[in-house]
Undergrad: 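One structure follows; several queries about it will come next.
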Amino acid sequence: MFQEIEKQLIRAFEEQVAAKFGTGIPVSIEQPKQACFGELAIPVAFQLARPLRKAPKQIAETLLAGLERPAAVSAFEIAGNGYINVRLDRGAYAMGLLNPPSANAAGSGEKIIVEHTNINPNKAAHIGHLRNAILGDTFVRMLRHRGHFVEVQNYIDNTGVQVADVVVAFHYLEKKSPAEVQKLIDNPEIRFDYLCWDFYARISALYVQEPDSLRWRAEALHAIEAGEGQVAEMGHLVADAIVRSHVQTMYRLGIEYDVLPRESEILHLKFWATAFELLKKQSAIYLETERKNRGCWVMPASAFRNSESDPDSGNDAEDSKVIVRSNGTVTYVGKDIAYQLWKFGLLGKDFFYRHWSTYPGGHQLWVTSDHAVEENVPQFGRGSKVFNVIDSRQSYLQDVVVAGLRALGFDRAADASVHFSYEMVALSPRTLAQIGVELSEEDKRRAYVEVSGRKGLGVKADDLIDKLIDTALGEVEHRHPEQLAAERQNVARQIAIGALRYFMLKFTRNSVIAFDFQEALSFEGETGPYVQYTAVRAQNILRKYVERFSKLPDFRTCLQQVSLARFFETENFWQLLLLASKSDSAIERAVASGEPAHLAKYAFQLAQAFNNFYHDQRVISEENEERRHILLWLTQYVHSQLVSTLQVLGIDVPEYM
RNA sequence: GGGGGCGUAGCUCAGUCGGAUAGAGCAUCAGCCUUCUAAGCUGAGGGUCACAGGUUCGAUUCCUGUCGCCCCUACCA
């Protein structure tokens, strides 16, 4: 509704500008900072002032002369020295919300691919991974809400160095056979992902102490890439088991995937070999014959640096990116170029697929396979737009991937590749002290310390979720001793997830989060539970109303435009209704800016506005029936907007709190 | 050295295309529960938008420089 009016006004003013001044400029529309200026403001007169050499106020007057008012607009006003402020017809607007036009599907039929999570399958997930997955999942939900067709991919680097390291720990350090590792995996007493977390830290420390042991890594990596022998078998066991825990951990937060493309298939199905030929043929890479990168296939730095390289500083050959090592093995970036090509359907090859698991809701998760094993496999890949949710430290590598596409002549795909980057989650000094980490003098002076898997330094995702649930459960038990234990547990889980998802979303993407337990465990102020609590309050009014009057009235027949117009003359009521009506607009803005944080902020603001209303209005006990009906309708409308916004954020509303 | 990011209230952060009196939350202080749940509401204090120039009707926002912090700059990912 709000968006339609905005679009209508933009069109009307653009026509007016063309008619009156004979120039075409895009008209922008904004929301005044102060409610007393009206609902919308059009600063177009300022834009025109310079080229036309006229006072903005005069231009505004010319534009308004003879302009027909759209139905929902009650007045145009010229304010200040040239703002055109728009006042909406409140009664008509409310009627419009009461009788919404049938929804229009915006979907284009094109597929958008969002790749997120992408955790190395060699240890338990930590809070940094949570930020990735929650950002990615929320962005997916936003796109789907806008009507887009979205495929969610979670890339599994199951043949990489990190998996090799854990295999080294099992094989060389612990002298375990694959069968014994399988036993560990099957043992319900043991958290295998946690065990690997410790092993990874141990082996990483050993590499530093005894650099000789690094040859184990090379051996293991080679064996895993070749895909043969006990070490390779163990690599698969470890990676598959860890992927299962990751999928499960993320499902606790309501995050699901469609397909798990794996590096092992990129290798075995010769995706890389195909991409390699393409890159050579198009001269996107060349065989370096001199200096430090001798014997490697490299991509010249000029391909992925946008600025002209200064001839004085460094030289291009030294800064070029190695794609194939001198020993003939391919780097991660090389494989990523092949993978990115496949996502757009530009590689000329496809994976085979096998069913991996079925989510409780019935959704199927698939994994790539190197041979055909199943029929009725959905079509994966072939996206027209690709979002890679990857932390900002890897932007250099993402630039190389895009440069690869461009060098192959796939400009459209290069343009449609978006590095959806975000800053890391670090740990606050207080939290480090809490988890028993000794800080160096240098670290003590820092505002935060980076998570490090190698050092085993971090907060595990499941531990954090458990802690949040415990905290919430304590509160729920205290407040609702009368409820069943199982239900309380479920409510506590919903609150915990609301707190966690909101916490990860409230920061804009390029802000480093200095994770702090005390902050994350807070359920007050700008938090998920605050918004959930607000929705529960609205829910309670609706429930109690039904208890007292047996059912909700039929608002469409009992509410009249005249009475709505009168009611919404009260500024606070009107502002609440108006804000609640802007949820779609908030989602569109969040999608356009790529900032889920904007939607989180909107949810919080709407909750604040409703809490305000809740505090000084009694709905059920209102004696004037007409007024009661309107208060109730407003409550119901805000509730439904709040619930659907929370749903897009991946946050459930509990039955009670 | 090169590339990128950041610097806004005591702390953590928003701030849309350059626009009207720079906003939240936390913390502090003062109030508000016989009512639809106080995980709430109201109010107060708290700002040289790092600094210096420039662009213009107008700059927290754009440009240049300085200072400080962070990330990247691997034949790791």
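The basis for the numbers below is simple: all heavy atoms, side chains too, and nothing from hydrogens, waters or symmetry mates. Here is the naming used below: chain letters follow the sequence lines, and residue numbers restart at 1 for every chain.
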Undergrad: Return the nearest nucleotide to the side chain of Arg325(A); candidates are C70(B), A20(B), A77(B).
TA: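 Selected nucleotide: A77(B).
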Undergrad: Where the side chain of Asn612(A) is concerned, which of A20(B), C41(B), A39(B) is the nearest nucleotide?
TA: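 Closest nucleotide to the Asn612(A) side chain: C41(B).
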Undergrad: Strictly by Watson-Crick or wobble contacts shorter than 3.5 Å, is anything paired with C41(B), and which nucleotide is it?
TA: G31(B)
Undergrad: Please determine if Lys467(A) forms a cation-pi arrangement with Phe517(A), meaning its NZ or CZ atom is less than 6.0 Å from the six-membered ring centre and no more than 45° off the ring axis.
TA: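 The answer is yes; both the distance and angle limits are met.
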Undergrad: For nucleotides 23-34 of chain B, read 5' to 3', which letter fits each nucleotide if B means a protein heavy atom sits under 4.0 Å from the base, S means only the sugar-phosphate is that close, and - means neither?
TA: -SSS--------
Undergrad: When you check the phosphate oxygens OP1 and OP2 of A39(B), does a side-chain N or O of Arg479(A) lie under 4.0 Å from one of them?
TA: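 Yes.
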Undergrad: Does the cation-pi check pass for Arg509(A) over Phe420(A), that is, NZ or CZ under 6.0 Å from the six-membered ring centre and within 45° of its axis?
TA: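 Geometry flag: set, cation within 6.0 Å and 45°.
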Undergrad: Check Glu39(A) with Arg87(A), please: is the shortest side-chain N to carboxylate O separation under 4.0 Å?
TA: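 Judged by the 4.0 Å cut-off on N to carboxylate O distance, Arg87(A) and Glu39(A) do not form a salt bridge.
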Undergrad: At under 4.0 Å, does any side-chain N or O of His598(A) touch on OP1 or OP2 of G15(B)?
TA: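 Looking at the OP1 and OP2 atoms of G15(B), one of them is under 4.0 Å from a side-chain N or O of His598(A).
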Undergrad: Is Asn540(A) near enough to U37(B) that one of its side-chain N or O atoms lies under 4.0 angstrom from OP1 or OP2?
TA: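 Yes.
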Undergrad: Under 4.0 Å: is that the gap between some side-chain N or O of Asn293(A) and OP1 or OP2 of C75(B)?
TA: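 Result: yes.
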Undergrad: Does any N or O donor sit under 3.5 Å from an N or O acceptor when you compare the side chain of Arg454(A) with the base of C76(B)?
TA: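 Such a pair exists between side chain and base.
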Undergrad: Considering just the side-chain nitrogens and oxygens of Arg537(A), establish if one lies under 4.0 Å of OP1 or OP2 belonging to A38(B).
TA: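 So the side chain of Arg537(A) is within the cut-off, an N or O lying under 4.0 Å from OP1 or OP2 of A38(B).
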Undergrad: If you compare all heavy atoms of Ile495(A) against all heavy atoms of Val476(A), which two are closest, and at what distance to 0.1 Å?
TA: CD1-CG2, 3.9 Å
Undergrad: Run the salt-bridge test on Arg627(A) and Glu622(A) with the 4.0 Å N-O cut-off and return the result as yes or no.
TA: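 Here Arg627(A) pairs with Glu622(A) in a salt bridge, since their nearest N and O are under 4.0 Å apart.
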Undergrad: Within the structure, does a side-chain N or O atom of Ser511(A) lie under 4.0 Å from either OP1 or OP2 of A14(B)?
TA: yes
Undergrad: Should the heavy atoms of other residues, nucleotides or ligands under 6.0 Å from CD of Glu477(A) be counted, would the total exceed 12?
TA: yes
Undergrad: Answer yes when Arg393(A) and Glu450(A) have at least one side-chain N-carboxylate O distance shorter than 4.0 Å, and no when they do not.
TA: yes
Undergrad: Does atom CD of Glu623(A) have more than 12 heavy-atom neighbours from other groups under 6.0 Å away?
TA: no
Undergrad: Anything under 3.5 Å between a protein N or O and an N or O of nucleotides 7-9 of chain B, put it in a table, one pair a line.
TA:
none

Undergrad: Check this for me, if you would: do Lys601(A) and Glu526(A) make a salt bridge, where the nitrogen-to-carboxylate-oxygen distance has to be below 4.0 angstrom?
TA: yes
Undergrad: Tyr530(A) side chain N/O closer than 4.0 Å to the phosphate oxygens (OP1, OP2) of C41(B)?
TA: yes
